[in-house]
Amino acid sequence: MTAQTNGAPTPYLHKQGTATQLIVDGAPFLILGGELHNSSSSNLEYMQPIWQRMCDMHFNTVLAAVSWELIEPDEGRFDFTLVDGLLRDARSHGLRLILLWFGSWKNGQSSYIPLWVKRDTARFPRAQIAGRTAEILSTLAEANWQADARAFAALMNHVRAVDSEQRTVIMVQVENEVGTLGDTRDHSELAEQAFAQPVPQELVTYLIKHRDLLGTELRSSWENAGARQNGTWAELFGTGPATDEFFMAWQYARYVDHVAIAGKEAYNIPLFVNAWLSHQQPEHIPGDWPSGGPLPHVLDLWLAGAPQIDILTPDIYAPNFEEWCQRYTRRGNPLFIPEMRRTEDGARHVFYAIGQHDAIGTSPFAVDSLPDPANAPLARSYAALQQVAPLILAHQGQGTMAGFLLDLEHPMVKRQLGGYELEIVLDAVFVFKSEIGYGLIIATGPDTFVGVGSGFKVTFRPLTPGPAIVGIAAVDEGEYRDGTWVAERRMNGDENAQGVAWRFSNQSISIQHCSVYRYE
Ligand code: DGJ
């Protein structure tokens, strides 16, 4: 459901081919975003110099925290001065906002809950972790989610009242990196009772209905225990850390879904949750990472338990960026990356996420403290992507776009596009060698391609009947000015290996058009 205001709908998600797009002001939108440090948006004055820096880096969206403690300092008394100021200043800089709801949990802890919640441990029960009462709200207490949901609904209601005409806020993140740290699960009295109860029937029904789609870990635990249709958590999935994590994933998902329902009733725009990723060393167990967070191996439990959450998202600081992107696109989950590295690596990774996985957008973390923002690697990536964004959006979900990352260990990839197999290889042009290559390529029409990136070359092999040899007809480097292609250098000679390959120097990020022809 979308609200119609001022002629344009509120932001919503929409399918185009195999992709899910974020529609803003009635048109697809590519988030070229950055997330602020946690405390930056708690003070409007502190934010003043930051806004322009965000524009200098070619961001179109800023991800900023809104905390429960600051909007509801006393129970039932709400103060939205900060939210109003963030909206005002984002608008005056032509930026969109994604608000991050730091409610019951932030990085598994409850540091952002108001003092009136912190103090009242009888009314707002805590989790028992590693034998101690933790300063962390338990997922199992109804009073906890009800208080959070009331505050979140008040926030969303306020955003609707002040923003549904201008639509500065385009999505909202519910909580931040939820999960139980330091133990595999909550052991509070409420949690012990729930763990000993039968697994809720709605979850069992979901497992039965989606059996063939379930992830390996969940499905094999269930099937190894006999694929039972009723029983306790231990009876359905066995005993051990994995079952504890399934239990916590379900509890967090249900809690977050209650909060999300209240928010969407107030203002229906896309909501997502983010995950602190798990470790992959065999000695690590849930609790070393937040147990129950929206991780790929418990994705099915989140899909079952939190249907009001539109996207499950990864915070990818790990080096195996491509693998995490792939794991988060299971079961039709769209890719959006609210946190990732702001470094040169991050600046390359955005091409892969957007080009290869039709990402709704990307958002490196801590962008407000990047030194020399206008010349940061990320700013150079976004400057190029901003120009090509309309083309990217037009080609999402059509099978006509590919993204790639190359390095010395992985110097070549193959992609099938526009009736050709493209062999994409590390390349330098004029310097001795290239150690890094990255980019995205779009098949824009018969025998025509647009490429953006650095440090690679492309050769073509036909996949359709006809002449076997592919020649380069023409390569032009250029730029998109206000959406219109302006060709600049004709790239012949060394720049296309004397007509043999389509090449991107590793000295800059360039945008090039390439056309090919076939002969025998
Ligand atoms: C991930 C969290 O989601 C952020 O809020 C922040 O704490 C970063 N980690 C710090 O690296």
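Note: hydrogens, waters and symmetry copies are ignored here, and every other heavy atom, side chains too, is used. As the structure is a prediction and not an experimental result, all values here were calculated from the model. Numbering of ligands and ligand atoms starts at 1, following listing order.
Distances below 4.0 Å separate heavy atoms of E177 from the following atoms of ligand 1: 1 (C), 2 (C), 3 (O). Residue N176 approaches ligand 1 through these ligand atoms, each under 4.0 Å from one of its heavy atoms: 2 (C), 3 (O), 5 (O). Counting atoms of ligand 1 from 1 in the listed order, those under 4.0 Å from a heavy atom of D315 are 3 (O).
The closest side-chain donor-acceptor pair between H14 and T20, if any, does not fall under 3.5 angstrom. Residues E245 and S291 bring no donor and acceptor atom of their side chains to less than 3.5 Å of each other. Side chain to side chain, Y328 and T313 fail the donor-acceptor criterion of an N or O pair below 3.5 Å. In this structure, a donor-acceptor pair under 3.5 Å is present between the side chains of D84 and H158. Using modelled atom types and a 3.5 Å distance limit, the side chains of D148 and W101 yield a donor-acceptor pair. For the 3.5 Å distance criterion, the side chains of R126 and T121 fail to qualify, holding no donor opposite an acceptor.
Contacts with ligand 1 closer than 4.0 Å are made by side-chain heavy atoms of F365 only, the backbone lying farther away.
The protein non-hydrogen atom at the shortest distance from atom 5 (O) of ligand 1 is N38 ND2, 2.9 Å.
An N or O contact shorter than 3.5 Å is missing between Y317 and ligand 1 by distance.
With H37, E35, E339 as candidates, the residue nearest to atom 4 (C) of ligand 1 on a non-hydrogen basis is E339.
Ligand 1 has K106 within reach: a non-hydrogen atom of the residue lies less than 4.0 Å from it.
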